[in-house]
K.L.:
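The following block contains the structure, expressed as structure tokens.
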Amino acid sequence: MLLDVAGPNGGLMSFDELVDRQTNGAGEDARDDALLDAATLELIELSPLRPHTEATAALELPTLRPACLTLSWPTTHGYSALFVDLPGPGHYALAELAARGLHEAQEDVQTRLRAAGSEVQEVDALRTRTAQALQECEAAAAPAERAVGADSALEAATAAQLAQDEAASRLGPDDAMLGVTFTAVPASGRSAQAVSRLAGADRTVLVRIVVEDTDAVDEMDGWRRCMAELHAAGARVMVQICDSQALADFDEAAWMRRIGALIAAFPDADAWEIGNELAGEWTGSDAVERTLQAARALAADPATASAPRVLTLYYQLGQGAAAESVMSWAATNLIQELAELTDVVGMSVYPQWHPLGSGARRVLETLGRLAGDKPTALTELGYGAQDLDGGPWWFGSPDDVEAGRAAVARHLTAVALGQPRAWAAPLWWYYLQDEGLVSEAPDASGTRASDGEPHSGAVAQDLVEAARIEGSD
């Protein structure tokens, strides 16, 4: 296949210009183009695009199975995971193929929205604009003209997709929860204050708590107090067995002690995250076995056996090693016992490192097929935090981090809650920090509590707007 991409001067981009736009200037080492199985999104080949004298880029098509190309690509809305279903050998405009794929897939969701009595005029108008742009592409006299028209089609199709994703949040189950994460123990009374800001969504609130040191008496006492306050406020609590960044730090004995200590401390937890960001290469070679050990212990204890066990996968398709491409990792590692001990399959997404955007619906629908009859969730999300600055991709705004954070929070919360078996979203990782309820530096008690007012990066209202149940029975 030969693929054309329009350049800023109306001609065709060179291959080097394509890489520069794909990586937002980060260069060849940040390339994330990947060839995937069109149905499962399992990896076929990393970096399949090659320079070509007659087009911007070329790739060799795989045999025996339908494939799609994915790569990070910008519109005025920011960088998305672009999915380009490959129709066969030939010469095409890359953006036209991507726009056509979005446009055709949107019709089914529009039908379901109409059946649910939802307003769809805005999305219909954007889809009409997409259809007109695609017709103009077909009528173009030259490849460069067609590629320029394709950019207009992709812009309209992306706008339609994002608007439809937010409208479709109401297509998911009404009992799907609005979730956030507490990474530090709030000061007394602040836990209830934190969840009260989410009340406008008219959904049950789920709070994941991240315990750092099970041997620290003050911390464990703080978390027990926090859980009691959350339960009194009507929220549910999910205990994380271990953050992915620390999973490889334990020897076998210390790991089993940690599991036992958590079960003993929180017998009234409403759910347990047995594995966090599996598929992340930093979790170590024992990640699956350690997740299994946690799941077995929870299933064997009468106090915790009935609480849902949640498995979180780390989203990336072409930005890391081939073995960690998320759907390929799942196909290899979600062995029968682990699948049987898992009640909810979730995903962790950090768009500055791994864009999603207009590709969110396709990724989450694929996650749903992977999960079978189990509920799905967006179990970790963050944007704009200091430790994410190295990620080259932006969403919502190229230079206003707070606007980007708001756009990510609204869009991905809505599209995740709109999935047919949605359980919870988005378990926002930096919720307490973004709401001004904790600071980064520990105080004398070690709780990192803060009495400051919420700073301008607050996300609670964005989550509420995305998750609010409107027009439902």
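In this text the structure is predicted, and so the values were computed from the model without any measurement.
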K.L.:
Please enumerate all residues that pass salt bridge (charged side-chain N to carboxylate O under 4.0 Å, His left out) together with Glu289, with sequence neighbours excluded.
P.N.:
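With sequence neighbours excluded, Glu289 shows a salt bridge (charged side-chain N to carboxylate O under 4.0 Å, His left out) to Arg296, given in chain and number order.
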K.L.:
Could you state the interatomic distance from CG (Leu18) to CZ (Arg31), rounded to the nearest 0.5 Å?
P.N.:
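Going from CG on Leu18 over to CZ on Arg31, the span is 8.0 Å.
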K.L.:
With sequence neighbours left out, write down each residue that passes salt bridge (charged side-chain N to carboxylate O under 4.0 Å, His left out) with Asp20, or none if nothing qualifies.
P.N.:
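Expected list: none.
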K.L.:
Can you name the nearest heavy-atom pair linking Leu113 to Gln164, along with the distance?
P.N.:
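Looks like CD1-CG, 4.1 Å.
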K.L.:
Could you list the residues that satisfy ring-ring contact (aromatic ring centres under 6.0 Å, His included) with Trp353, not counting sequence neighbours?
P.N.:
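Checked Trp353 against ring-ring contact (aromatic ring centres under 6.0 Å, His included); zero matches.
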K.L.:
Regarding Ser244 and Glu277, do their side chains bring together a donor and an acceptor under 3.5 Å, going by distance alone?
P.N.:
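Result is yes, a qualifying pair exists.
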K.L.:
Classify the side-chain pair Arg127/Gln110 by whether it contains a donor and acceptor separated by less than 3.5 Å.
P.N.:
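There is no such pair (donor and acceptor under 3.5 Å, judged by atom type) between the side chains of Arg127 and Gln110.
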K.L.:
Strictly below 4.0 Å, N to O, side chains only: are Arg21 and Glu17 in salt-bridge contact?
P.N.:
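Between Glu17 and Arg21 there is no salt bridge, as every charged N stays at least 4.0 Å from the carboxylate O atoms.
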K.L.:
Can you name the residues that form a salt bridge (charged side-chain N to carboxylate O under 4.0 Å, His left out) with Asp165, not counting sequence neighbours?
P.N.:
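Asp165 satisfies salt bridge (charged side-chain N to carboxylate O under 4.0 Å, His left out) with no residue once adjacent residues are dropped.
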K.L.:
Looking at Asp434 and Arg405, is there a salt bridge between them, counting it only when a charged N and a carboxylate O are closer than 4.0 Å?
P.N.:
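Yes.
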K.L.:
State the CG-CG distance between Asp32 and Leu317, to the nearest 0.5 angstrom.
P.N.:
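The CG atom of Leu317 is 9.0 Å from CG of Asp32, to the nearest 0.5 Å.
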K.L.:
What distance do Leu370 atom CG and Glu42 atom CD have between them, rounded to the nearest 0.5 Å?
P.N.:
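Rounded to the nearest 0.5 Å, the CG-CD separation comes to 8.5 Å.
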K.L.:
Consider only side-chain N and O atoms of Arg369 and Thr366, and report whether a donor and an acceptor are under 3.5 Å apart.
P.N.:
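A pair is found: one side chain offers a donor N or O, the other an acceptor, under 3.5 Å apart.
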K.L.:
Might you confirm whether atom CD of Glu107 has over 12 heavy atoms from other residues, nucleotides or ligands at distances under 6.0 Å?
P.N.:
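Check passes, neighbour count above 12.
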K.L.:
Would you say the side chain of Tyr431 lies within less than 4.5 Å of the side chain of Val207, judging by non-hydrogen atoms?
P.N.:
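They are not in contact (no side-chain heavy atoms under 4.5 Å apart), so the answer is no.
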K.L.:
Is the CD atom of Glu122 crowded by more than 12 outside heavy atoms at less than 6.0 Å?
P.N.:
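No, because the 6.0 Å sphere around CD of Glu122 holds 12 heavy atoms or fewer from other groups.
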K.L.:
Minimum heavy-atom separation for Leu3 to Leu97, with atom names?
P.N.:
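In this case the closest contact between Leu3 and Leu97 is CD2-CD1, 4.2 Å.
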K.L.:
Does this structure show an ion pair linking Arg208 with Glu380, if we count only N-O contacts that are shorter than 4.0 Å?
P.N.:
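Yes, this pair counts.
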K.L.:
Is it true that Arg362 and Asp85 have a side-chain N and a carboxylate O under 4.0 angstrom from each other?
P.N.:
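Salt bridge present between Arg362 and Asp85.
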K.L.:
Quick one: which residue pairs count as a ring pair (Phe, Tyr, Trp, His ring centres under 6.0 Å) with a foot in residues 308-350, not counting sequence neighbours?
P.N.:
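Passing the test, one end in residues 308-350: Trp282-Tyr314, Tyr314-His354.
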K.L.:
Which residue pairs satisfy the ring pair (Phe, Tyr, Trp, His ring centres under 6.0 Å) criterion with at least one member in residues 81-115, sequence neighbours excluded?
P.N.:
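The answer is none; no pair qualifies.
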